[in-house]
Amino acid sequence: MGNDIFHVTSQYIVVEDTPCLLEIVEKVSDLALCGTFGKEAFIERITEYTDRIYNDSLTKINNRRYYDEQIRYLNMSAVAMMDIDHFKHINDTYGHRCGDLFLAEVARVIRSCVSNQDSLIRYGGDEFLIAFPELSKEQFIDKLEDIRSNVNQICIPAYPDIKVSISIGGIWNTDKKIEHADKMMLFADRALYNAKITRNCVKLYEYS
């Protein structure tokens with residue numbers, strides 16, 4: 001929190017038949033940080049641990065756990081769901097090693113199209129989710145079209161004949177009326193379903 005580091009011990013307990021959560025919060029002092037390993041090493045260990053639990057090992061972006069624990073209940077400007085068209089065909093025809101290469105490259109391309117403030121998540125399989133905290137509807141549409149166009153340009157030298165495309169469904173949260181990202185994700189998923197009918201396109205869910 002700010003420039004301070006805290007250690008939290010959390011324990012589930014039952015008090016007079018009532019389930020409770022007991023938490024002990026302790027500020028980690030500079031003296032403690034400068035113990036055996038020093039402050040920088042301590043922060044590095046914390047960072048490594050966070051990466052380990054929230055990072056998808058294949059695509060090097062945030063994983064589903066990150067969404068569940070950090071994003072789903074936040075109020076967002078927009079949410080997009082997307083997946084790679086005919087990805088099962090790539091796996092079945094060329095093998096999962098080939099599929100993994102394209103998954104990683106698609107993730108890299110998507111990440112290059114969004115800012116550090118935006119949360120890119122491998123939601124599952126070949127499906128990605130992006131949560132945008134602040135942007136206009138026009139910026140949202142432009143970003144999604146940019147992602148779609150750039151994915152179309154992917155070429156992996158080992159598999160020059162494979163061309164990939166991506167279908168995208170999104171929702172822009174007018175005046176942030178929808179309380180949290182998890183509700184928005186359901187609408188974005190419906191838009192994605194419509195996008196998958198024609199594929200390689202962007203569809204927005206419109207609500208009143």
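Nearest heavy atoms, P160 versus P157: CD-O, 3.2 Å. Looking at every heavy atom in both residues, M185 comes nearest to V79 through CA-CG1, 4.1 Å. The minimum heavy-atom distance between A78 and W172, with the atom names listed, is CB-CD1, 3.9 Å. A195 and S167 make their closest contact through O-OG, 3.8 Å (heavy atoms, listed as atom of the first residue, atom of the second, distance). The two residues A191 and G170 have their closest heavy-atom pair at CB-N, 3.7 Å. What you find for P19 and Y12 is that their closest heavy atoms are CB-OH, 3.4 Å.
Every residue meeting the ring-ring contact (aromatic ring centres under 6.0 Å, His included) condition with Y73, not counting sequence neighbours, appears here in chain and number order: H180. Residues satisfying the ring-ring contact (aromatic ring centres under 6.0 Å, His included) criterion with F132, sequence neighbours excluded, are F140. For the salt bridge (Lys or Arg N to Asp or Glu O under 4.0 Å) test, residues two or more places apart in sequence or in another chain that qualify with R148 are E145. Applying the side chain to side chain donor-acceptor pair (under 3.5 Å) criterion to D56, with sequence neighbours excluded, gives T59, R122. Listed by chain and number, the residues in a salt bridge (Lys or Arg N to Asp or Glu O under 4.0 Å) with K196 are D83, D85 (sequence neighbours excluded).
If you chain together hydrophobic residues whose side chains sit under 4.5 Å apart, Y193 and L129 never meet in one group. No single ILVMFWY cluster, assembled from side-chain heavy atoms under 4.5 Å apart, contains both L204 and M76. Linking ILVMFWY side-chain heavy atoms closer than 4.5 Å, directly or via other members, places L144 and F128 in a single hydrophobic cluster. Side-chain heavy atoms closer than 4.5 Å link hydrophobic residues (I, L, V, M, F, W, Y) into clusters, and following such links, even through other members, never connects L58 to Y123. The hydrophobic clustering, which links ILVMFWY residues whose side-chain heavy atoms are closer than 4.5 Å, places I71 and I61 apart.
Other residues, nucleotides and ligands place more than 12 heavy atoms under 6.0 Å from the CD atom of E23.
Once rounded to the nearest 0.5 Å, the distance linking CG of L192 with CD1 of I168 reads 9.0 Å. Rounding to the nearest 0.5 Å places OH of Y159 at 15.0 Å from CD1 of I154. Taking CG of L22 as the reference point, atom CD1 of I13 lies at 5.0 Å (rounded to 0.5 Å). Between the CE atom of M81 and the CD1 atom of I171 there is a distance of 12.5 Å, given to the nearest 0.5 Å. We find the CG-CZ distance between L74 and R72 to be 11.5 Å, quoted to the nearest 0.5 Å. For the atom pair Q11 CD and L21 CG, the distance stands at 8.5 Å (nearest 0.5 Å).
With 3.5 Å as the limit, one finds a donor-acceptor pair spanning the side chains of N152 and N200.
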Practice prompt. Evaluate the side-chain contact (heavy atoms from CB on, under 4.5 Å) criterion for residues N63 and I121: first the C-alpha distance (whole Å), next the side-chain angles of each, then the deciding distance (0.1 Å), finally the verdict.
Written response: CA-CA 5 Å; N63 58 21; I121 295 146; 5.8 Å; no

Item to complete: Using the side-chain hydrogen bond (donor to acceptor under 3.5 Å, both in side chains) rule, take Y205 and N194 through it: C-alpha gap first, then chi angles, then the decisive distance, then the call.
Response: CA-CA 9 Å; Y205 184 90; N194 291 330; over 6 Å; no

Item to complete: Take S119 and Y67 through the test side-chain contact (heavy atoms from CB on, under 4.5 Å) and record every step on the way to the result.
Response: CA-CA 9 Å; S119 296; Y67 171 79; over 6 Å; no

Discussion item. Using side-chain contact (heavy atoms from CB on, under 4.5 Å), reason through I162 and C98 one step at a time and then give a plain yes or no.
Written reply: CA-CA 10 Å; I162 301 178; C98 171; 3.7 Å; yes

Fill in: Verdict with reasoning, K88 to N91, per side-chain contact (heavy atoms from CB on, under 4.5 Å)
CA-CA 5 Å; K88 185 178 184 300; N91 274 335; 5.6 Å; no

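The shortest distance between side-chain heavy atoms of I130 and M82 falls below 4.5 Å.
In this structure, S77 contributes its side chain and P133 its backbone to a donor-acceptor pair below 3.5 Å. Put simply, the side chain of N150 gets close to the backbone of D146: a donor and an acceptor are under 3.5 Å apart. The closest donor-acceptor contact from the side chain of D118 to the backbone of S115 lies under 3.5 Å.
A salt bridge links E206 and K137; the closest N-O separation between the charged side-chain nitrogens and carboxylate oxygens is under 4.0 Å. Residues K143 and E138 are not paired through a salt bridge, judged by the lack of any N-O separation under 4.0 Å between the basic side chain and the carboxylate.
Remark: of the listed residues R64, R65, E69, E69 is the sole one forming a side chain to side chain donor-acceptor pair (under 3.5 Å) with Y54.
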Donor-acceptor list for residues 100-114 side chains, cut-off 3.5 Å, not counting sequence neighbours:
residue	atom	partner	partner atom	Å
E105	OE1	R108	NE	3.2
E105	OE2	R108	NE	3.2
E105	OE2	R108	NH2	2.7
S112	OG	V109	O	2.6

